[in-house]
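Note on naming: letters A, B, ... go to the chains in the order of the sequence lines (proteins, then strands), and numbering restarts at 1 for each one.
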There are 2 protein chains.
Amino acid sequence: MAETHYRHVQEHFSYLIRKNVLKAGGKLPSEREIGEQFNLTRVTVRQALQNLEAEGVIYRENRKGWFVTPPAVTYNPAAQLSFNVYVSEQGFAPSTEKIEQVVQSASAKIAQKMGIKKGAPVLFLHRRRFIDKRPVLIERMYINIACLPGIEDEDLTQSLSQLLKNKYDLSYRDMDLSFKSTSLPEEAAKDLGIASGQPGLHVERVNYINGNQVLELDYEFWRHDAVNIAIEVRE
Amino acid sequence: MAETHYRHVQEHFSYLIRKNVLKAGGKLPSEREIGEQFNLTRVTVRQALQNLEAEGVIYRENRKGWFVTPPAVTYNPAAQLSFNVYVSEQGFAPSTEKIEQVVQSASAKIAQKMGIKKGAPVLFLHRRRFIDKRPVLIERMYINIACLPGIEDEDLTQSLSQLLKNKYDLSYRDMDLSFKSTSLPEEAAKDLGIASGQPGLHVERVNYINGNQVLELDYEFWRHDAVNIAIEVRE
DNA sequence: CTTGTCTTCTGGTCTATACCAGTATATTTT
DNA sequence: AAAATATACTGGTATAGACCAGAAGACAAG
């Protein structure tokens with residue numbers, strides 16, 4: 001490979017992070033400092049940093065600086081585990097913030113995806129989830145309220161799957177999953193406090209009960225560097 | 001959102017592509033031409049193009065230019081379908097190139113993952129796969145040769161799953177899947193003809209037969225803009 | 001002690017320019 | 001007609017500046 005200047009810087013920090021000299025969550029020197037140290041312009045330094053960002057090795061906080069990416073959490077969408085459970089199990093501290101909760105009429109698109117009538121009431125739930133205080137996931141969920149009378153009055157900062165089990169004695173197993181690696185939509189990026197245009201992982205999930213009735217339609221937007229997906233297929 | 005110059009350019013081409021004025025596979029004007037048209041420097045133009053690339057809307061070919069990304073293929077790793085089948089079914093033209101095929105001794109890492117002894121013979125298969133002549137996927141497979149006597153003499157440009165079914169009357173259903181969104185490793189990026197540092201999708205798959213015997217360990221590196229993953233979970 | 005303000009530091013955006021390294025095409029030579 | 005060569009064009013890498021907007025800490029006023 002060509003030994004360009006930005007690759008040199010890239011390898012330098014990649015090495016420091018691998019060797020744990022720069023620790024997870026730690027801050028890198030400012031772009032200007034790095035530039036002085038290597039005698040390079042900011043443009044070149046930024047090229048190196050942006051590549052490391054694409055690798056998921058570092059990330060930025062708007063106008064604060066560049067930081068070392070903490071280890072990613074492993075997420076199995078097919079498992080019957082709530083965010084809180086699997087995040088804690090892996091040694092991290094989960095938290096959840098409810099951004100919006102409202103009963104609304106299903107749009108044509110949502111109705112079609114959920115197999116319900118357009119205009120039928122659905123519970124829209126918009127949450128932001130954190131790992132060790134770092135926002136990593138935006139959820140936009142559409143819940144088939146017909147299946148779950150009274151759910152709109154519950155505390156939905158909590159785990160939904162727990163609530164379903166305890167209050168309704170329901171659990172879903174059948175689901176359709178779809179993953180797409182793309183940049184985050186502008187709104188999701190803003191909610192995660194990162195520049196839109198940054199890469200992300202988009203998960204779409206449809207949960208079924210009773211064979212083919214849609215319980216919930218779930219759009220998830222993850223920081224690409226915060227999660228690995230793992231699924232076990234057994235038949 | 002702030003109306004920056006690069007966002008303006010970004011929206012311009014995003015619009016043209018959405019409206020199909022610029023068609024899939026089509027070429028964009030050169031960076032210099034775009035710069036003249038909008039009265040911007042190349043640096044600013046490139047910022048816009050790189051964002052569109054992250055979205056998966058356009059892609060580049062080294063020193064040839066920028067092109068409109070064709071539609072992505074939907075891939076269900078859990079389905080019993082070969083690349084050739086699901087790609088053709090979706091209206092694209094698949095092809096495969098064998099880069100390397102060799103019987104080698106399992107390294108410690110590979111042996112551990114496959115549950116075999118270190119040094120045991122495995123068939124390593126390195127392939128590049130194309131959709132409509134565009135390289136989209138690098139496969140690096142380690143096949144448990146003990147399960148498949150004589151496989152090293154077969155034509156491995158063909159579908160492996162077909163071969164297993166026809167010659168050995170074998171099919172795997174149980175598997176572990178792992179997805180990770182990260183930049184492509186240097187070698188995989190080179191094989192795909194793209195700059196390393198570009199985003200990609202890394203799939204790791206372990207196929208089992210007879211409950212827990214590993215038939216095959218498969219590393220896949222996809223262009224992030226060429227594929228959507230879809231899985232149906234039914235129990 | 002708290003509150004508000006100022007200053008400094010950070011990354012975000014942008015101009016203007018330069019040279020390099022592959023690609024593709026036109027041109028010349030054989 | 002085929003092969004070798006020159007040339008124009010593409011993105012890739014890099015310099016040297018500039019100004020802006022948000023974050024954070026120092027500091028003064030209440």
Side-chain angles (χ1 to χ4, degrees), chain A residues 1-13 25-54 58-69 133-135 183-184 186 189-190 192-198, chain B residues 1-13 25-54 58-69 133-135 183-184 186 189-190 192-198:
Chain A
M1 199 63 205
E3 235 336 289
T4 58
H5 292 160
Y6 73 84
R7 275 193 181 282
H8 182 199
V9 175
Q10 206 174 319
E11 185 46 44
H12 173 77
F13 285 102
K27 190 173 177 306
L28 272 66
S30 76
E31 294 175 357
R32 287 167 177 87
E33 281 180 65
I34 297 171
E36 274 178 42
Q37 189 183 334
F38 288 88
N39 203 28
L40 296 170
T41 57
R42 259 183 83 204
V43 176
T44 308
V45 171
R46 278 172 69 84
Q47 169 100 48
L49 297 177
Q50 280 162 18
N51 281 7
L52 288 170
E53 180 185 44
I58 62 176
Y59 69 99
R60 50 181 127 177
E61 287 183 29
N62 196 293
R63 285 167 229 268
K64 287 188 197 170
W66 294 88
F67 302 86
V68 180
T69 308
K133 296 190 177 152
R134 181 177 174 229
S183 72
L184 294 165
E186 194 161 310
K190 219 177 70 185
L192 290 173
I194 62 187
S196 79
Q198 293 312 311
Chain B
M1 199 63 202
E3 234 336 286
T4 58
H5 292 160
Y6 73 83
R7 274 192 182 282
H8 182 199
V9 175
Q10 207 173 317
E11 185 46 45
H12 173 77
F13 285 102
K27 191 174 177 304
L28 272 66
S30 76
E31 295 174 357
R32 287 169 177 86
E33 282 179 65
I34 297 172
E36 274 177 43
Q37 190 184 333
F38 288 88
N39 204 27
L40 296 170
T41 57
R42 261 182 81 205
V43 176
T44 308
V45 171
R46 279 171 70 83
Q47 169 100 49
L49 296 177
Q50 280 162 19
N51 282 7
L52 288 170
E53 181 185 43
I58 62 176
Y59 70 100
R60 50 181 127 177
E61 289 184 28
N62 196 291
R63 285 166 228 269
K64 286 189 198 169
W66 293 88
F67 302 85
V68 180
T69 308
K133 296 190 177 153
R134 179 176 175 230
S183 71
L184 294 164
E186 195 160 311
K190 219 177 71 184
L192 290 173
I194 61 186
S196 78
Q198 294 311 312

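- Checking D:dT13, D:dC20, C:dC14 against the side-chain heavy atoms of A:T4 singles out D:dT13 as nearest.
- One distance of note links CG of B:L40 with NE2 of B:H8; it measures 9.0 Å at 0.5 Å rounding.
- Sorted by first and then second residue, the pairs that involve residues 32-46 of chain B and meet salt bridge (Lys or Arg N to Asp or Glu O under 4.0 Å), not counting sequence neighbours, are B:E31-B:R42, B:E31-B:R46.
- Residues from residues 40-48 of chain B with heavy atoms under 4.0 angstrom of DNA chain D, sorted by number: B:R42, B:R46.
- Residues B:F13 and B:I34 form a side-chain contact, since some pair of their non-hydrogen atoms from C-beta on lies under 4.5 Å apart.
- Straight-line distance from the CZ atom of B:R60 to the P atom of C:dG22: 16 Å, rounded to whole Å.
- One atom, CG of A:N62, and another, C1' of D:dA21, lie 9 Å apart when rounded to the nearest Å.
- Considering only side-chain N and O atoms, A:K64 lies nowhere under 4.0 angstrom from the phosphate OP1 or OP2 of D:dG22.
- The stretch residues 25-33 of chain A touches DNA chain C through A:S30, A:E31, A:R32, A:E33, each having a heavy atom under 4.0 angstrom from the strand.
- Between the CD atom of A:E61 and the P atom of C:dT10 there is a distance of 15 Å, rounded to whole Å.
- Applying the side-chain contact (heavy atoms from CB on, under 4.5 Å) rule to B:E61 yields the partners B:Y59, B:K64, B:F67; only residues at least two apart in sequence or on another chain are considered.
- At least one side-chain nitrogen or oxygen of A:Y6 sits closer than 4.0 Å to the OP1 or OP2 atom of D:dT13.
- Listed by chain and number, the residues in a side-chain contact (heavy atoms from CB on, under 4.5 Å) with B:A48 are B:Y6, B:V9, B:Q10 (sequence neighbours excluded).
- Residue A:I194 comes nearest to A:L184 through the heavy atom pair CD1-CD1, 3.3 Å, listed as atom of the first residue, atom of the second, then distance.
- A search for salt bridge (charged side-chain N to carboxylate O under 4.0 Å, His left out) contacts involving B:K27 returns nothing, not counting sequence neighbours.
- When the side chain to side chain donor-acceptor pair (under 3.5 Å) test is applied to A:T44, the partners found at least two apart in sequence or on another chain are A:T41.
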